[in-house]
Peer 1: 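One structure coming up, written as structure tokens, with questions to follow.
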Amino acid sequence: MRYHITLLLAKTISFLMRLCGRRATHLPGSIAIRLCPDFLKHVGRPKTIIAVTGTNGKTTVCNLLIDALKENGYDLMSNSFGSNINAGVASALLHNCTIFGRVKKQLAVLEVDERSSLLIYPYIRPDYILCTNLLRDSIKRNAHVEFIQYIINSAMQDNAKLILNGDDILTCALGSEKQQKRFFGIARMPGDRDVPSPYAVRDITCCPVCDAKLKYEFVRYNHIGKVYCENCGFRSPDCDYLVTKIDEENGAVTVLHNGVSTDYKMVNNNIVNIYNMVAVIAVLQEFGVKPEGIQRAFEKAHVVK
């Protein structure tokens, strides 16, 4: 009964806010959770949910993903205009259901703040979880990267398929042995270093298995690169989706998947956005979108400098 009353009230607040020209992307969900703490457990859930998390790149990845899915004919909901904490997710799901709680759209792309994982994943149970990277962030809020890694791991359900940055050893450690995992990354490129700069910030320097000092096949920035341990044999995973060529002159990247190389338009030449691109390619192909559909979507995509 509490849920149904909360749903009616929150829908009314959302309607009135929109009449006033507001997007109602946070307040209705915030009120709903305050009145009914397990609101996310009861509100209508789309059949398929893709969640995007990580320290950097969440919004860019979500926007590229949403545009590509729409270009390929999918009707979906998202929280792209709202917050990525539990109140924002609640507002997005609230807008996607009728006053009786029936779901309008059966596909959702949700940006999820990594710190909010425990307040979101146990309720909405995403089918796909993409993690872009785990890097040092606000110390007051996020403490350290192992803490955030622990929060995400504690929140995830075993049913979720994980799409992870294979060049980030912290992201690679997410999930359990029961979960399907796919890794994306970028092969060694000119300009990558053999050893980290002595002035670079690195969030992990020791092997997560035996605590010996990690060695690098190459390092790109922070701890992003390919690592291995001489002591126990631990190493970065092979990537299922690997950028093998970055052709800035022609504005294209080549991605190797299952032995087949495919060229895609480069939406931005910043290395961070190339990671974002291959992350989107990995999610879309795991979801079932064909490479030609992704190519068509990227032809229309652009990330500002």
Peer 1: Considering non-hydrogen atoms only, spot the tightest contact between Thr53 and Asp113 and give its length.
Peer 2: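 So the minimum-distance heavy-atom pair works out to OG1-C, 4.0 Å.
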
Peer 1: Distance only, no hydrogens: is a donor on one side chain within 3.5 Å (strictly under) of an acceptor on the other, for Thr59 and Glu111?
Peer 2: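 A pair is found: one side chain offers a donor N or O, the other an acceptor, under 3.5 Å apart.
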
Peer 1: So, applying salt bridge (charged side-chain N to carboxylate O under 4.0 Å, His left out) with Asp194, which one of Lys215, Arg188, Lys226 is it?
Peer 2: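 The salt bridge (charged side-chain N to carboxylate O under 4.0 Å, His left out) with Asp194 is passed solely by Arg188 among Lys215, Arg188, Lys226.
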
Peer 1: Less than 4.5 Å apart, any side-chain heavy atom of Ile50 and any of Leu110?
Peer 2: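 The answer is no, as the side chains (C-beta and beyond) never meet within the 4.5 Å cut-off.
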
Peer 1: Contact between Val195 and Tyr216 at the side-chain level, heavy atoms closer than 4.5 Å - yes or no?
Peer 2: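 In short, these two side chains do not touch, never coming nearer than 4.5 Å.
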
Peer 1: Output the distance between atom NE2 (His257) and atom OH (Tyr241), rounded to the nearest 0.5 Å.
Peer 2: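 Going from the NE2 atom of His257 to the OH atom of Tyr241 covers 3.5 Å.
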
Peer 1: Same hydrophobic cluster for Leu130 and Leu170, using side-chain heavy-atom links shorter than 4.5 Å among ILVMFWY?
Peer 2: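 No; Leu170 is not reachable from Leu130 via cluster members.
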
Peer 1: Within the 4.5 Å heavy-atom criterion, are Asp203 and Glu146 side-chain neighbours or not?
Peer 2: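 Side chain of Asp203 against side chain of Glu146, heavy atoms only: no contact under 4.5 Å found.
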
Peer 1: Could you grab the distance from atom CG of Asn222 to atom CG of Asp167, nearest 0.5 Å is fine?
Peer 2: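 Separation between the atoms: 12.5 Å.
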
Peer 1: Do any pairs count as a side-chain hydrogen bond (donor to acceptor under 3.5 Å, both in side chains) and have a residue in residues 149-159, sequence neighbours left out, and if so which ones?
Peer 2: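 Listed once each, the pairs are Asp158-Ser176.
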
Peer 1: Any side-chain heavy-atom pair from Phe184 and Val255 closer than 4.5 angstrom?
Peer 2: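 Phe184 vs Val255: side chains apart.
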
Peer 1: Evaluate the criterion salt bridge (Lys or Arg N to Asp or Glu O under 4.0 Å) for residue pair Lys58 and Glu114; output intermediate values, then yes/no.
Peer 2: CA-CA 10 Å; Lys58 296 185 293 292; Glu114 57 274 22; 3.4 Å; yes

Peer 1: Answer with yes or no whether the side chains of Asn273 and Asn270 bring together a donor and an acceptor at under 3.5 Å.
Peer 2: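 No pair is found: no donor N or O on one side chain lies under 3.5 Å from an acceptor on the other.
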
Peer 1: Any salt bridge linking Glu217 with Arg235? Criterion: basic side-chain nitrogen under 4.0 Å from a carboxylate oxygen.
Peer 2: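 Salt bridge flag = yes for Arg235 with Glu217.
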
Peer 1: Would a hydrophobic clustering, with Ile, Leu, Val, Met, Phe, Trp and Tyr connected at side-chain separations under 4.5 Å, put Ile33 with Leu35?
Peer 2: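 Hydrophobic grouping puts Ile33 apart from Leu35.
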
Peer 1: Mind telling me whether Phe39 and Tyr3 have parallel, tilted or perpendicular rings, with 30° and 60° as the class edges?
Peer 2: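 Tyr3 vs Phe39 ring planes: tilted.
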
Peer 1: Distance from Phe298 atom CZ to Asp67 atom CG, nearest 0.5 Å?
Peer 2: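 Between Phe298 CZ and Asp67 CG, I get 10.0 Å after rounding to 0.5 Å.
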
Peer 1: Give the other cluster members for Val201, using side-chain heavy-atom distances under 4.5 Å between Ile, Leu, Val, Met, Phe, Trp and Tyr residues; answer none if it is isolated.
Peer 2: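 None; Val201 is a cluster of one.
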
Peer 1: Quick one: does Leu7's side chain get under 4.5 Å of Ile99's, heavy atoms only?
Peer 2: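 A side-chain contact is absent here, since even the closest heavy-atom pair is not under 4.5 Å.
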
Peer 1: Taking all atoms of both residues into account, what is the closest heavy-atom pair of Ala90 and Gly29, and its distance?
Peer 2: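 That closest heavy-atom pairing would be CB-CA, 3.8 Å.
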
Peer 1: Kindly give the heavy-atom pair with the smallest separation between Arg220 and Ile271, and that separation in Å.
Peer 2: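 Between these two residues, the closest heavy atoms are CD-CG1, 3.7 Å.
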
Peer 1: Asp240 and Arg182: which non-hydrogen atoms are nearest, and at how many Å?
Peer 2: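 The answer is OD2-CA, 3.3 Å.
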
Peer 1: Roughly how far, to the nearest 0.5 Å, is CD1 of Ile224 from CG of Asp192?
Peer 2: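 With rounding to 0.5 Å, CG (Asp192) is 11.5 Å from CD1 (Ile224).
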
Peer 1: To the nearest 0.5 Å, what is the distance between CG on Leu64 and CD on Glu71?
Peer 2: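 With rounding to 0.5 Å, CG (Leu64) is 13.0 Å from CD (Glu71).
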
Peer 1: How far apart are the closest heavy atoms of Val253 and Met266, and which atoms are they?
Peer 2: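 In this case the closest contact between Val253 and Met266 is CG1-CE, 4.0 Å.
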
Peer 1: Please check if any side-chain donor atom of Arg193 sits under 3.5 Å from a side-chain acceptor atom of Tyr221, or the reverse.
Peer 2: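 On atom types as modelled, these side chains do not qualify, holding no pair under 3.5 Å.
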
Peer 1: Would you indicate whether the side-chain heavy atoms of Ile204 and Val145 approach each other to under 4.5 Å?
Peer 2: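 When only atoms from C-beta onward are counted, Ile204 and Val145 do not touch, as no gap falls below 4.5 Å.
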
Peer 1: Would you mind reporting whether Leu284 and Leu65 have side-chain heavy atoms less than 4.5 Å apart?
Peer 2: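 Heavy-atom side-chain distance check passes, below 4.5 Å.
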
Peer 1: Pick from Lys47, Arg45, Lys161: which one makes a salt bridge (charged side-chain N to carboxylate O under 4.0 Å, His left out) with Asp127?
Peer 2: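 The salt bridge (charged side-chain N to carboxylate O under 4.0 Å, His left out) with Asp127 is passed solely by Arg45 among Lys47, Arg45, Lys161.
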
Peer 1: For Leu174 and Lys181, which heavy atoms make the closest approach, and how far apart are they?
Peer 2: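 Scanning both residues completely, I find the closest heavy atoms to be O-NZ, 2.8 Å.
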
Peer 1: How many angstroms lie between CD in Gln179 and CG in Leu164, if you round to the nearest 0.5 Å?
Peer 2: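 It comes to 9.0 Å.
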
Peer 1: With no hydrogens and no angle check, do the side chains of His26 and Ser91 hold a donor and an acceptor under 3.5 Å apart?
Peer 2: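 Side chains of His26 and Ser91: no pair found under 3.5 Å.
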
Peer 1: Have His95 and Ser14 got a donor and an acceptor in their side chains that come within less than 3.5 Å?
Peer 2: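 The criterion, which ignores hydrogens and geometry beyond distance, is satisfied for Ser14 and His95.
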
Peer 1: Between Asp263 and Thr254, does any side-chain donor sit less than 3.5 Å from a side-chain acceptor?
Peer 2: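 Yes, Thr254 and Asp263 have a side-chain donor paired with an acceptor closer than 3.5 Å.
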
